[in-house]
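Atoms within a ligand are numbered from 1 in the order they appear, just like the ligands themselves. Values below: every heavy atom of this structure, side chains too, minus hydrogens, waters and symmetry copies.
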Amino acid sequence: MAILEVRHLQKTFDHTQVLRDISFSMEKGSTLSLIGSSGSGKTTLLRCLNFLETPDEGQILVSGEVLFDASVPATRKEQEIRKKRLHFGLVFQSFNLFPQYTALENVMLARELLAREQPDYKQRKKQIREQIEAEGVQLLEQMGLRDRMGNYPHQLSGGQCQRVAIARALALKPDILCFDEPTSALDPELTGEVLKVIRELAERDTTMIIVTHEMAFARDVADTVIFMDDGRICEQGDPKEVFANPKEERTRQFLASHRT
Ligand SMILES: Nc1ncnc2c1ncn2[C@@H]1O[C@H](COP(=O)(O)OP(=O)(O)O)[C@@H](O)[C@H]1O
Ligand SMILES: [Mg+2]
C-alpha cells in the first residue's frame with residue numbers, strides 16, 4: 001500500500017489557481033524530488049500536506065487513512081489537526097531554531113511538548129525525558145553534530161543549524177519528511193554537508209519529498225521525480241530517465257536552464 005496518496009488536489013489563492021488537479025502516490029522508504037520553476041506551486045503543495053493550507057478540492061491519504069477530504073467538513077479541533085500534522089515533518093530553507101535553546105534542546109522541545117499530553121506523563125516524567133534526550137543525542141550524532149549538542153544556534157554555521165532542524169523534524173518520527181529548498185540559503189560547502197545527510201537518510205529508507213534546485217542531487221537521490229509547472233504535474237517518472245529524456249517541452253526548457 002502507498003504510504004502517501006494525493007488525489008486531485010486543487011488550491012486557489014485570490015482567484016488564481018495555484019494547484020491544479022495534483023495526484024501522485026509514494027511508497028514507503030522512497031524519495032521523491034519535486035522540481036519546477038519559482039511560483040509553480042511546490043511550496044503550496046508541501047504546505048497543503050502539512051495542514052498549513054487547506055486545499056479546495058481533493059484528498060490526502062497516509063497509509064490508506066484519509067487525513068484530508070475536501071468534501072468532508074474539516075475538524076477544527078487543534079489536537080486532531082496536530083495529530084494529523086505529525087504524519088509529516090517539514091524542513092524549511094530558514095531553520096527557525098529557537099536562539100535561546102541549545103541544539104539538543106531544540107531537537108527535544110517538540111517531543112517534550114507532545115509527551116506532556118500522554119496520560120502517564122506526570123508519573124513517568126523523568127523516564128520519558130531521559131528517553132527523549134537519548135533519542136535527541138542519537139539523532140544529532142547521526143547528523144554529524146556529536147560535538148555541537150550544547151551549542152546555541154548563533155554558535156553554529158548555517159549548515160549545522162539546518163542539520164539540527166532535520167534532527168528536530170526526525171525526532172517526531174514523521175511518516176514522510178518534506179524538505180522545502182533546504183540548502184537555498186547556504187553556500188556551496190555547507191550545501192554539500194546538508195545534502196550528504198539527506199542522502200544518508202535516503203539510504204536508510206526514510207520516506208522523503210525534497211523540493212530543491214540542486215538538479216544533480218534531485219536526479220541522483222530520488223526514486224521518482226515530479227516536475228511541476230504552473231500548478232500542474234507536467235511530468236513524472238524515474239529521475240534518470242526524465243532528466244536524460246524529458247518528454248514535455250516545459251520539462252526540457254526547465255532542465256536546459258538548470259544544467260546539472
Ligand atoms: N498565501 C498566499 N496567498 C496568495 N498567493 C499565494 C500564497 N502562497 C503562494 N501564493 C502564490 O501561489 C503561487 C505558487 O507559489 P509557491 O507554492 O510558493 O511556488 P513555488 O514554491 O513553486 O515557488 C505563486 O504565484 C504565489 O504567488
Ligand atoms: Mg517554494
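- The aromatic rings of F254 and F227 sit tilted, their planes meeting at an angle between 30° and 60°.
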Task: Derivation of the salt bridge (Lys or Arg N to Asp or Glu O under 4.0 Å) call for R111 and E133 - done: CA-CA 9 Å; R111 276 294 302 284; E133 180 166 349; over 6 Å; no

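- Residues forming a side chain to side chain contact (heavy atoms under 4.5 Å, CB included) with Y152 (at least two apart in sequence, or on another chain): T102, H154, Q155.
- Inspection of the N50 and R47 side chains reveals no N or O donor paired with an N or O acceptor under 3.5 Å.
- Each ring-ring contact (aromatic ring centres under 6.0 Å, His included) pair with one or both residues in residues 77-97, not counting sequence neighbours, would appear here, but there are none.
- Under the 30°/60° scheme for interplanar angles, the aromatic rings of F98 and Y101 are found to stand perpendicular.
- Around the Mg ion (ligand 2), protein N, O or S atoms at less than 2.8 Å comprise T43 OG1.
- At a threshold of 4.0 Å, the pair R199-E203 does not count as salt-bridged, since none of the basic side-chain nitrogens sits closer than that to a carboxylate oxygen.
- For Q138, the CD atom counts as loosely surrounded, since its 6.0 Å shell holds 12 or fewer non-hydrogen atoms of other residues, nucleotides or ligands.
- Atom NZ of K125 sits in a sparse spot, with 12 or fewer heavy atoms from other residues, nucleotides or ligands closer than 6.0 Å.
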Anything under 3.5 Å between an N or O on ligand 1 and a protein N or O? List each pair with its distance, or write none.
| from | atom 1 | to | atom 2 | distance (Å) |
| --- | --- | --- | --- | --- |
| ligand 1 | 17 (O) | T44 | N | 2.9 |
| ligand 1 | 17 (O) | T44 | OG1 | 2.5 |
| ligand 1 | 19 (O) | G41 | N | 3.2 |
| ligand 1 | 21 (O) | T43 | N | 2.9 |
| ligand 1 | 21 (O) | T43 | OG1 | 2.8 |
| ligand 1 | 22 (O) | S40 | N | 3.2 |
| ligand 1 | 22 (O) | S40 | OG | 3.4 |
| ligand 1 | 22 (O) | G41 | N | 3.0 |
| ligand 1 | 22 (O) | K42 | N | 3.0 |
| ligand 1 | 22 (O) | K42 | NZ | 2.8 |
| ligand 1 | 23 (O) | G39 | N | 2.7 |

